[in-house]
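So the structure is just underneath, and the comments pick up after that.
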Amino acid sequence: MEPKIPSIIGKGGDSPVTLAVVIGAHGVAGEVRLKLFTDDLAAYKSFNGGTLSLKSTRHGSNGTIARIAEVTDRNAAEAMRGTELTVLRSELPALAEGEYYHADLLGLPAVSTGGEALGTVVAIDDFGAGDVIEVERPAEDGKSGKRFMVPMNADAVPEWDDARVVIDAAFIV
């Protein structure tokens, strides 16, 4: 079964999960441009522990445009640049069998089907043909560990849980 992977980043448990980040201002009335890490923000009206209230979103030519109640002018919108819009992990919808959030994979140890420790999942990318996990090997001689990528499908990643990701040895480079 192919995994279904909602595009949300963060960490498991009940910690904050980032659904979007403000990438700039839009217009003069205080709207902001967002980079989304989910398909839709419609289910969420409150972010960052209730300090930000989403009034509306729309698709613009340069990404998603949002109106946040607490942002009333362009200067305030510009000051928001880089602000992450977060919700608690417990606020996310429940997942069906075989599904997981990116937040659940980031930081997990990766092991081969033979039990060899491979490193840590450091990123999940989508280049258009499906998700790819990026694993960083342990550092050696004071240098950062090398990274390799593996497609996130049942052939390359036959199992995963909240403790580890298992990668088929045939896909390890």
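These numbers were taken from a predicted model, which means no experiment stands behind them.
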Could you go through Thr83 and Val21, starting from their C-alpha distance and side-chain angles, then the distance that decides it, and tell me whether this counts as side chain to side chain contact (heavy atoms under 4.5 Å, CB included)? CA-CA 6 Å; Thr83 301; Val21 65; 5.9 Å; no
Side chain proximity check, Leu34 to Leu85, heavy atoms < 4.5 angstrom: yes
Distance in Å, Ile167 CD1 paired with Glu116 CD, rounded so as to fall on 0.5 Å steps: 10.0 Å
Closest non-hydrogen atom pair between Gly30 and Ala77, with its separation: O-CB, 3.8 Å
Worked check of side chain to side chain contact (heavy atoms under 4.5 Å, CB included) between Trp160 and Asp104: CA-CA 10 Å; Trp160 72 90; Asp104 297 337; over 6 Å; no
May I ask you to test the Val22-Val71 pair for a side-chain heavy-atom distance under 4.5 Å? no
Can you tell me how far apart CZ (Arg58) and CD (Glu31) are? Round to the nearest 0.5 Å. 4.0 Å
Are the side chain of Arg89 and the backbone N or O of Pro16 linked by a donor-acceptor pair below 3.5 Å? no
Any chance you could measure Glu70, atom CD, to Leu54, atom CG, to the nearest 0.5 Å? 10.0 Å
Where is the tightest heavy-atom contact between Leu52 and Met80, given as atom of each residue plus distance? CD1-CE, 3.8 Å
Answer yes or no: is there a side-chain heavy-atom contact under 4.5 Å between Phe148 and Arg137? yes
Do Val17 and Thr86 touch side chain to side chain, with heavy atoms closer than 4.5 Å? no
When rounded to the nearest 0.5 Å, the distance separating OG1 of Thr120 from CG of Leu108 is 9.0 Å
When rounded to the nearest 0.5 Å, the distance separating NE2 of His26 from CZ of Arg33 is 9.0 Å
Main-chain N/O of Ala163 paired with Asp161 side-chain donor or acceptor, under 3.5 Å: yes
I'd like to know if Lys146 pairs up with Glu140 as an ion pair, taking the criterion as any Lys NZ or Arg NE/NH1/NH2 lying under 4.0 Å from an Asp or Glu carboxylate oxygen. no
Using 0.5 Å steps for rounding, measure from the CG atom of Asn48 to the OG atom of Ser53. 10.0 Å
Would you say Tyr101 and Leu106 make side-chain contact, with heavy atoms under 4.5 Å? no
Between Asp155 and Phe171, is there a side-chain heavy-atom distance shorter than 4.5 Å? yes
Can you see which heavy atom on Ala110 is nearest to which on Val135, and at what distance? CB-CG1, 3.9 Å
Please give me the minimum heavy-atom distance between Ile172 and Ser112, naming the atom from each residue. CD1-CB, 3.6 Å
Between Val132 and Ile124, is any pair of side-chain heavy atoms under 4.5 Å apart? no
Looking only at heavy atoms, which two atoms of Ala20 and Leu41 are closest? And how far apart? CB-CD1, 4.4 Å
In the structure I gave you, are the side-chain heavy atoms of Phe47 and Glu91 within less than 4.5 Å of one another anywhere? no
Have Glu84 and Thr18 got a donor and an acceptor in their side chains that come within less than 3.5 Å? yes
I need the minimum non-hydrogen distance between Arg74 and Ala25, along with the two atoms involved. NH1-CB, 3.7 Å
